[in-house]
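Below: the structure, in structure tokens.
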Amino acid sequence: MKISFKINKEERLVDVDGNTPLLWVIRDILHLKGTKFGCGKAACGACTIHVDGKAVRSCSMPIKMVAEKKITTIEGLSDGKLLHPVQEAWKKEVVPQCGYCQPGFIMATAAMLDKIPNPTDEDIDQNIINVCRCGTYYRMRKAIHLAASLMDKDEQ
Amino acid sequence: MKHTIIGFAILALILTMSQAVQSSNNIGQNKARNKEEVEVIISDKPFDKMMAVLLHKRCVNCHPDGDIPLQGEDSHLHHFDIERGPNDHGLAGYTCETCHSTENNIFSGVPGAPHWALAPRSMAWEGKSRVEIAQQMMDPARNGGRSPKEIEKHLTEHELVLWAWDPGVDAEGIEREKPPVSKEDFIEAVKQWIADGAIIPDK
Ligand code: FES
Ligand code: FES
């Protein structure tokens, strides 16, 4: 099955079984290795990307569902040379430990801030439900608040 | 004696206050689950056939009594702190569609159908008897203003309702249980029950 879509602003066409998980296409066909495989059951969030601006767990999204849609992965989150404010905040707060879960968290956070620009701790607890085995949640919380304030400044 | 009465009054006040605190702590969370088995009657009567389906976990899991969906064959609270959100489609940062698409996923085992969402709170079925569910379902104040004909259409044509007979497999590849009445028999029973005046029995 031929499926075309935009990924990180580039038009791509793949010819695969329509049920192939989007994550496999991203990693194994398009060789974008920033998006991670954790559980394959939509349980951990390591594979979170954006489809038309919304957070999606790509291990549980068949490729046929993204025909003609816009996908953004961690590689395409920043615009040009500048880091995305969430990445900037992550760097400032030195969030990652092993780093494996982090692209998924960053993508989930960027999607949340798009809808909730100034999240409370409760918003963060409710909306960011990925899993980090290194337990970096505490630093993430700080980074999410920092990212929100950086984005606020960008807008002023 | 007077002191005893005053003592009781104070005790009652304290109990009431502690209950108020408890219930305010429960806002947005599920109430204690009614674990008693709800009686399912299967017979040739259209009402019995229809209700045997509506009481099944494939239906009740998305009609919870609270703000957390149920999942699985044991109807446990949905893992990962999933919540109803303002429009029954999850919260702003993750919606139902973050994981559920418009069809079952054969690799991850995540179920899916068009319009995957929770039934509104006014349509909670969990823990209710079949008579209570039927009354609620036919009450326009609680069923989204639907007429009996619209209820019939919803029950017999809506893709999310009919998903119950194509529930797919879970993450271990194990097939999910289907309702105890076939789809065709269910559709016929609903139409018959509504054509006969949608009469709800006493029990
Ligand atoms: S790999 Fe997709 S949610 Fe875990
Ligand atoms: S940083 Fe190691 S799993 Fe999250």
Side-chain angles (χ1 to χ4, degrees), chain A residues 17-25 37-45 47-67 69 86 104-120 122-131 144 148, chain B residues 24-30 66-69 71-73 76-118 159 163 166-176:
Chain A
D17 182 323
N19 285 322
T20 309
L22 174 58
L23 176 63
W24 297 6
V25 173
F37 174 88
C39 63
K41 304 177 183 181
C44 73
C47 65
T48 306
I49 49 132
H50 297 172
V51 175
D52 288 344
K54 284 191 190 146
V56 162
R57 294 187 169 184
S58 58
C59 68
S60 192
M61 168 70 68
I63 186 75
K64 65 187 175 193
M65 300 275 177
V66 298
K69 298 202 167 162
V86 176
F105 269 100
I106 291 174
M107 297 307 282
T109 300
M112 175 188 69
L113 292 177
D114 193 43
K115 298 275 183 297
I116 310 174
N118 283 300
T120 60
E122 200 189 349
D123 290 329
I124 294 171
D125 290 345
Q126 288 180 325
N127 284 273
I128 303 299
I129 54 169
N130 295 15
V131 176
I144 294 169
Chain B
S24 71
N25 284 343
N26 283 338
I27 289 171
Q29 294 178 4
N30 276 45
D67 291 330
I68 305 174
Q71 65 177 174
E73 303 308 299
H76 57 264
L77 293 178
H78 198 304
H79 292 315
F80 328 122
D81 285 346
I82 297 298
E83 284 191 38
R84 170 188 297 282
N87 307 313
D88 308 316
H89 277 270
L91 295 169
Y94 71 83
T95 60
C96 301
E97 291 80 42
T98 298
C99 300
H100 297 272
S101 69
T102 50
E103 56 184 61
N104 296 322
N105 190 300
I106 54 173
F107 288 105
S108 65
V110 175
H115 318 289
W116 196 268
L118 277 187
E159 290 154 304
W163 166 87
D166 177 25
V169 295
D170 68 12
E172 313 304 325
I174 299 165
E175 289 193 16
R176 292 189 180 87

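Naming: A, B, ... by sequence-line order, numbering from 1 per chain.
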Tell me the closest heavy-atom pair linking [X] and [Y], and the distance in Å.
X: B:Val110; Y: A:Lys41; value: CG2-O, 3.9 Å
X: A:Ala42; Y: B:Phe80; value: O-CE1, 4.2 Å
X: A:Cys59; Y: B:Asn105; value: O-ND2, 4.5 Å
X: B:Gly93; Y: A:Ala55; value: O-CB, 3.8 Å
X: B:Ser108; Y: A:Ser60; value: OG-OG, 2.7 Å

Are any side-chain N or O atoms of B:Ser101 and backbone N or O atoms of A:Met61, one a donor and one an acceptor, separated by less than 3.5 Å?
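A pair under 3.5 Å: no.
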
Residue part contacting chain A, namely of B:Leu91, when any heavy atom lies under 4.5 Å:
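Both the backbone and the side chain of B:Leu91 come within 4.5 Å of chain A.
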
Checking A:Ala110 against chain B: side chain, backbone, both or neither under 4.5 Å from a heavy atom?
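For A:Ala110, there is no contact with chain B at all, as no heavy atom is under 4.5 Å.
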
Can you find a pair of side-chain heavy atoms, one from A:Thr48 and one from B:Thr98, that are under 4.5 Å apart?
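No, every pair of side-chain atoms sits at 4.5 Å or beyond.
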
Taking atom NZ of A:Lys54 as the centre, report whether more than 12 heavy atoms of other residues, nucleotides or ligands fall under 6.0 Å from it.
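Count not over threshold, so no.
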
Mind ranking B:Glu103, B:Glu97, B:His79 by heavy-atom pairs under 4.5 Å with chain A and telling me who comes out on top?
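The candidate making the most pairs under 4.5 Å is B:Glu103.
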
Gap separating the CD1 atom of A:Ile129 from the CD1 atom of B:Ile82, nearest 0.5 angstrom
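Going from the CD1 atom of A:Ile129 to the CD1 atom of B:Ile82 covers 3.5 Å.
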
With rounding to the nearest 0.5 Å, note down the distance linking CE in A:Met112 to OH in B:Tyr94.
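Spacing of CE (A:Met112) from OH (B:Tyr94) equals 12.0 Å.
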
Any idea which of A:Asn19, A:Thr109, A:Ile116 has the most non-hydrogen atom pairs under 4.5 angstrom with chain B?
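Top option by heavy-atom pairs under 4.5 Å: A:Asn19.
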
